[in-house]
There are 2 protein chains.
Amino acid sequence: MKIGRPKEFEEEIVLERAMEYFWDKGYDNASLAGLLKAMGIKKSSFYQTFESKQKIFERCMQRYIELGSKEITDKLTTQSAKDILRAYLNRSISEIQEYGEVRGCLVMNAGAECYKKYPDISSLVKEHFIFFHNSFIDLVKKAQKEGDISKEKSASMLASSFMTILNGLALMIKAGAGEDIIHDIQEHFEELFKA
Amino acid sequence: MKIGRPKEFEEEIVLERAMEYFWDKGYDNASLAGLLKAMGIKKSSFYQTFESKQKIFERCMQRYIELGSKEITDKLTTQSAKDILRAYLNRSISEIQEYGEVRGCLVMNAGAECYKKYPDISSLVKEHFIFFHNSFIDLVKKAQKEGDISKEKSASMLASSFMTILNGLALMIKAGAGEDIIHDIQEHFEELFKA
DNA sequence: TTATTTTTGTACCAATTGGTACAAAATATA
DNA sequence: TATATTTTGTACCAATTGGTACAAAAATAA
């Protein structure tokens, strides 16, 4: 067995708790104190295991993407690609309806927040951004192949537009958009992604 | 004449300097020290004239909207409504091309940043949000009347979509979107707002 | 049991935050 | 000139920030 005093927590579990906390609060507004409380570990354990606030945040973004990718591949066995795209849009909407809050995308939020302030995080976000974009291109292409989205528009353009709408909607809701405007956006989505 | 020692600055001027600073930095990330430096006044003058960081920020949002509205009415004498809409979209794009930075909309940024953290600012943003939306509805209706946008889609839906794209684009650029994706969004705009 | 290794708890730290207190300076009125 | 009024400059403040130091605790290996 491993020598020395054993860890009293599982790294993966407390990492995902940190991820949820960062997702709620963003980067700067996530205080170390709150983070430790959310993770259920003490400061010394935190710094020994995760090195710094920035380092664990970067790991949280990575974990966020891993979990998201896994979710898509899982859903693809039972849902159409277009339904998955629609589900992304409806996520912010049901969040606000059920919990009264919107979180948006952890990584894209970090992109906006850390822009011009934390270059390391920003460039990591930029890498992830490309991954997101490619994932959406794949989904659009699949939906086009399945006949649910017209093949007249390019998959790249539709993926870009979709990401823009997705992130724009979350921001709009945070800024105070009500049911009527949310409905407008849904209509816009159906119009853009018609067969 | 007014009794007592005279002010060494003009309130309106330093207010607009504060507005620019907040526009660059956001709310939390705008430090009092930086704000004072940008405004060119001392702490005591600041607190006597503007009361608090939050109060001056609220005044900055108000000023931002006043200046924006004035800009639109000015442009409407020489430009078509559709060109003004297009100019909004191109603003973020030329910002990134010329200065290498994107600021987005001061008020909408505040909406995202202050969401669930500063209820007073959030509810003020919500008020302004409605004003923005109505302004865009007016512009769309005008463009429809001028024959530059199809009358088949509702003005409200187009205004909502436009705001979403506008704010989504700024966020996308901050998160690392490159020229190709920006081009995709421009294409999407022209497609959505065709005659 | 003793020595070694690792984790955990607590106390501490310098820097920064927005905001206040108060005296000094600059003006108008009497 | 003396007094009232307002602005400005400086010193200060408590609270919070992310991060470090170090001893106590808990395990294995000898």
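Just so it is clear, the values below take in all heavy atoms, side chains as well, and ignore hydrogens, waters and symmetry mates. Below, chain A is the first sequence line, B the second, and so on; all start at residue 1.
- B:Y47 places its OH atom 17 Å from the P atom of D:dC13, with the value rounded to the nearest Å.
- Tested against B:Y88, the residues B:F136, B:F193, B:F132 include a single ring-ring contact (aromatic ring centres under 6.0 Å, His included) partner, B:F136.
- In this structure, B:T49 reaches neither bases nor backbone, as no heavy-atom distance under 4.0 Å exists between it and the strands shown.
- Side-chain contact between A:M108 and A:H128 is absent, with no heavy-atom pair separated by less than 4.5 Å.
- Out of C:dA21, D:dT17, C:dG19, the shortest distance to the side chain of B:L32 is found at C:dG19.
- Counting any heavy atom pair closer than 4.0 Å across all strands shown, B:F46 reaches no nucleic acid atom.
- Inter-residue side-chain proximity for B:Y64 and B:C105 is flagged as met; some heavy-atom pair is nearer than 4.5 Å.
- Residue B:K43 places a side-chain atom within donor-acceptor reach of the base of C:dG19, judged by atom type and a 3.5 Å distance cut-off alone.
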Nucleotides 1-5 of chain D: which of its N/O atoms have a protein N/O under 3.5 Å away?
none

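- Between A:K53 and D:dG18 there is a side-chain N or O to OP1 or OP2 distance below 4.0 Å.
- For C:dT8, the OP1/OP2 oxygens have a side-chain nitrogen or oxygen of A:S45 closer than 4.0 Å.
- Summarising the geometry, the separation between NZ on A:K42 and P on C:dT6 is reported as 22 Å, rounded to the nearest angstrom.
- The existence of a salt bridge linking A:K142 and A:D148 is excluded, since no basic side-chain nitrogen approaches an acidic carboxylate oxygen closer than 4.0 Å.
- For the pair B:K141 and B:D138, the salt-bridge criterion is not met [side-chain N within less than 4.0 Å of a carboxylate O].
- Take the nearest nucleotide of DNA chain D for B:F9 and for A:E51: the residue whose nucleotide is more 5' is B:F9.
- To the nearest angstrom, C1' of D:dT16 lies 13 Å from CG of B:D28.
- Computed from coordinates, the B:F22 CZ to C:dG18 C1' distance equals 12 Å when rounded to whole Å.
- Proximity of the aromatic rings of B:H188 and A:H188 is defined here by a centroid distance below 6.0 angstrom, and this criterion is met.
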